[in-house]
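Here the structure is laid out as C-alpha cells; the discussion comes afterwards.
Numbered from 1 within each chain, the chains take letters A, B, ... in sequence-line order.
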Amino acid sequence: MTAPFAPGAAIAIAVADGVGAALLADDVSMVVDAADVSTVLADIERAVAPRWIWWSTDTARTLVSTGFRPARCWDLDAVHRLLVGGWRGGPGRIWAQRQGVDTIDLPRTAEPDLFSLPGHDDHTAPVRPDGHLDPAWVEGLWRFDTEHLRTWASLALDVHHWQAAELERLSQRPAAISTARSESAAALLCAELETDGLPIDIAGAERIIASFIGPRPRDAAEEQQFAGERDQLVLEHLPGPPGDLDLRNPATVKSLLRRVGIEVPDTRAWRLERLRDQDPIVDALLTWRRAERIATTFGYRWLDQHVGPDGRLRGQWSASDGAAGRMTATAGLHNMPVELRPAVAAGADHVFVRADLGQIEPRILAAVSSDDALAAATWEDDMYAPVAERLGVTRDIAKVAVLGAMYGQTTGHGAVALRGLESAYPVAMAYLDNAARLAEGGNDLRTRGGRLVRMSSNEQLDESGDAPGRAARSRAAARGRYGRNAMVQGAAAEFFKTWAATVRARVTPIGATIVLCLHDELLVHCHSDDAAAVSSVVTDGLQEAGHRWSVGVAASVRFVADTSVIERWSEAK
DNA sequence: TGCGGCTATTG
DNA sequence: CACAATAGCCGCAG
C-alpha cells in the first residue's frame with residue numbers, strides 16, 4: 001500500500017474513535033479503518049513527510065494515544081488564536097472567522113433532550129445558509145461514517161489555505177508563517193506532555209511532604225486533627241485566651257497581630273518577613289503558612305490526584321494562554337515549590353537534560369526592536385554588564401531598570417536608571433513606549449510572530465461613561481503596561497516554542513522526550529547513554545532558533561542557554 | 001453556588 | 001511588589 005500523496009503534502013486529517021480517519025490533500029483523498037490508523041499514518045509519514053492539518057489539538061491527542069506522533073502539523077485552533085488573539089477557539093469560531101461572519105453570537109446546539117433522537121437527525125450539510133457551521137453536524141461527527149469525516153477534512157483544508165493567506169497579508173509575514181508552524185508544533189507537544197507526564201519519585205515526594213506536615217493522615221478526622229495541631233503552634237504565642245481564631249482568614253490574622261502590637265496593612269509574607277524580630281508569633285505564622293500551602297495545594301491529595309501509579313505527574317497543557325500566548329499547565333507543573341523539586345527524578349538508567357534560556361526577555365527586546373546598541377550587549381553572556389557600564393550604574397540597578405522598562409515601572413530605584421536607558425537605547429525604549437501608547441488608547445497590537453494582542457474588546461476593564469478621572473487614567477496606564485509587556489513576553493514565548501519544536505523534532509529519533517516546558521526552561525528525559533547527544537541537540541536547536549529569529553532583523557542578537565545533565569530537577573542551579 | 005479579595009507558588 | 005500564570009480558602013451576595 002503506497003501512499004499516493006506528494007512529498008511534503010499538506011494533508012488534512014479527520015479522525016473519529018471507532019470510525020477511522022479521512023485523509024485529504026489538494027488532489028488526493030484516502031479513508032483509513034479505525035484499526036489501521038496508526039500504521040497507515042506512520043507509513044505515509046515515512047514516505048512523504050507531510051504536514052498534517054487538523055481542526056484542534058484533540059486530534060493530536062487522539063493520534064498520540066494511538067501511538068502515532070506526527071513530525072509536522074498545522075493546528076487550525078492554534079493558528080486561529082494567533083491570528084485573532086485571546087484563548088477562544090473551536091470549529092464554529094474558526095469557520096466564522098474564515099467566512100467573515102459574526103463571531104460574537106455563534107450558533108449553539110440545543111441541550112440534548114428526550115425528544116431529540118441520537119444518531120438520526122436532519123443535519124446533512126455542515127455549513128448553514130447563513131455561513132455558520134452547523135454545530136449539530138459537527139457534534140454528530142463521531143457517530144457518522146468516513147464520508148462525513150472526508151467532508152470535515154475538506155473544510156479543514158479550506159481553512160488552512162485561508163489562514164496561510166491571512167498570515168501572508170500580515171506585515172510580519174515571514175515570522176508569522178513560521179510562528180504558525182511552531183505554535184502548531186507546541187500544541188502537539190502539549191498533547192505529548194499530557195500523555196507522557198513528568199517523572200516523579202513518589203516515595204521521595206512523600207518524604208518531603210511529611211517534613212512539612214507530618215505523616216499521611218489516615219482519614220478526614222485525623223487530617224483535621226493535624227491541622228489543628230499546626231494551628232496551635234501559632235496560637236500558643238498569643239497572650240491571653242487563644243479563642244477560636246481562624247488563621248486562614250487574613251482579617252483575623254491582622255487583628256491577631258494587633259494583639260501583639262503589630263499593625264500591618266496586609267499580611268503578605270514579604271511584609272511579615274521584616275517583622276520576624278518583633279514577636280515570635282510572626283516566625284510561627286510564616287512557618288505555618290508554608291506548611292498550610294503544602295497541606296492544601298502540594299500535599300498528599302495533590303500527589304494522589306495528579307501522579308499516576310507509573311510515577312508520572314500529569315496535567316492539562318495549553319500551548320498559548322493569556323495575553324502573550326505563553327504555555328500554561330495545570331496540576332502545579334508550573335508553580336511547584338522548589339522544596340519539591342528533588343522529587344522530580346529521572347527513571348532508572350535515565351537522566352534529565354535541563355536547559356534554560358538566559359536573560360531571554362531583554363534579548364528578545366533587542367531583537368524585536370532592532371536596537372543595535374542593545375543587540376551589541378547580547379553578545380555578552382551577561383548582557384546586564386555592558387548595559388550597566390554604559391549607564392554608569394551597578395549591574396543590579398541596570399537589571400532592575402531594564403526589567404522595569406519592559407514591565408512599565410515608573411517609580412522606585414530603577415526610575416533614575418530608566419532615563420539613562422532612554423538615551424543609551426533609544427530604539428528599544430521607543431519600541432516599548434510606542435506599544436504602551438497604542439495599548440493605552442485601546443489599539444490592538446501584534447507581536448513579532450504575528451499574535452494579536454487585543455486591547456479593543458478587552459474584558460480587562462470596560463467603562464461606559466467614565467469621566468477622565470484618576471480611575472480612568474489608572475486603567476489606561478494598566479492597559480499600557482499590559483500591552484508593553486505583551487510585546488516582549490509574547491515574542492519570548494514564541495521564541496521558546498520555536499526552540500522547543502526544534503528540540504522535539506531532533507530528540508525524537510534519539511528516543512528522548514520533552515517532559516516539561518517552563519516559559520524559558522526545557523526538561524528532556526532520555527537514556528543516560530544519550531545525554532551528550534541530547535545536550536548537543538538542545539544547544540544546536542537554540543542556535544537554529546536564534547538564527548531564524550534574526551532573519552529580517554537589522555541587529556544580530558545572541559541567545560544563550562545554560563544546559564546541564566541531572567538526575568533530579570533540584571540539581572540544577 | 002458563583003465571584004472578588006487575599007495569599008501562595010512559579011517564570 | 002511593576003508583567004504573566006494556577007490554585008487554594010474566605011466572606012459575601014444571590
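Here A:M406 lies out of heavy-atom contact (under 4.0 Å) with every strand. A:D266 comes within 4.0 angstrom of the backbone, heavy atoms only, and of no base. Using a 4.0 Å heavy-atom cutoff across all strands shown, A:V488 reaches no nucleic acid atom at all. Within the nucleic acid shown, A:G408 has no heavy atom closer than 4.0 Å to any nucleic acid atom. No engagement by A:A486 is indicated, since no non-hydrogen atom pair under 4.0 Å with the nucleic acid exists. Nucleic acid contact for A:A251: none, since no nucleic acid atom lies under 4.0 Å from a heavy atom of the residue. Nucleic acid contact class of A:A493 (heavy atoms, under 4.0 Å, all strands): none. The residue A:R293 sits close to a base: some heavy atom pair falls under 4.0 Å. Contact annotation for A:R484: no contact, since no heavy-atom pair falls under 4.0 Å across all strands.
Judged by distance alone, with hydrogens and angles left aside, A:R326 brings a side-chain donor or acceptor within reach of the base of B:dG11, the pair sitting under 3.5 Å.
One can place CG of A:D356 at 9 Å from P of B:dG11, the figure rounded to the nearest angstrom. In this structure, A:F212 atom CZ and B:dA8 atom P are separated by 15 Å, rounded to whole Å. When the C1' atom of C:dA7 is taken as reference, atom CD of A:Q316 falls 14 Å away, rounded to whole Å. Atom pair A:L286:CG and B:dA8:C1' shows a separation of 12 Å (rounding to whole Å applied). Taking atom CD1 on A:I294 and atom C1' on C:dA7, their separation rounds to 13 Å, with Å as the unit. Computed from coordinates, the A:W288 CH2 to B:dT7 C1' distance equals 10 Å when rounded to whole Å. Atom CG in A:L445 sits roughly 16 Å away from atom P in C:dC3 (whole-Å rounding). Rounded to whole Å, the distance from CH2 on A:W87 to C1' on C:dA5 is 15 Å.
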Problem - Test salt bridge (Lys or Arg N to Asp or Glu O under 4.0 Å) applied to A:R504 and A:E192, step by step - result: CA-CA 10 Å; A:R504 174 188 177 272; A:E192 295 176 338; 2.8 Å; yes
Exercise for the section: Mind running salt bridge (Lys or Arg N to Asp or Glu O under 4.0 Å) on A:D396 and A:K399 for me, showing each step along the way? Expected result: CA-CA 5 Å; A:D396 284 349; A:K399 178 179 175 177; over 6 Å; no
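Distance from the side chain of A:R481 is smallest to C:dA2 among B:dA8, C:dG8, C:dA2. Closest to the A:T328 side chain, of the nucleotides C:dC3, B:dA8, C:dT6, is C:dT6. For A:T330, the listed nucleotide lying nearest its side chain is C:dA7; candidates were C:dC10, C:dA7, B:dA8. Which of C:dC3, C:dC10, C:dG8 sits closest to the side chain of A:T296 comes down to C:dG8. If you check C:dT6, C:dC3, B:dT7 against the side chain of A:R268, the one that comes closest is B:dT7. Side chain of A:N335, nearest nucleotide from C:dC3, C:dG11, C:dT6: C:dT6. Comparing atom distances between the A:T267 side chain and each of B:dT7, C:dA7, C:dA2 picks out B:dT7 as nearest. Distances from the side chain of A:H519 to the nucleotides C:dC1, B:dA8, B:dG11 place B:dG11 closest. Of the candidates C:dC10, B:dG11, B:dT7, B:dG11 carries the atom nearest the A:L518 side chain, counting heavy atoms from C-beta on.
Both the sub-6.0 Å distance and the 45° axial angle are satisfied by A:R390 relative to the ring of A:Y425.
Along DNA chain C, the nucleotide nearest to A:R301 and the one nearest to A:W270 differ in position, and the one closer to the 5' end is contacted by A:W270.
Between the A:R448 side chain and the A:W549 main chain, a donor and an acceptor come within less than 3.5 Å of each other.
We find that A:R314 and A:E194 are not joined by a salt bridge, their nearest charged nitrogen and carboxylate oxygen being 4.0 Å or further apart.
You'll find the ring centres of A:F559 and A:F495 inside the 6.0 Å limit.
Between the side chains of A:T57 and A:D75, at least one donor N or O sits under 3.5 Å from an acceptor N or O.
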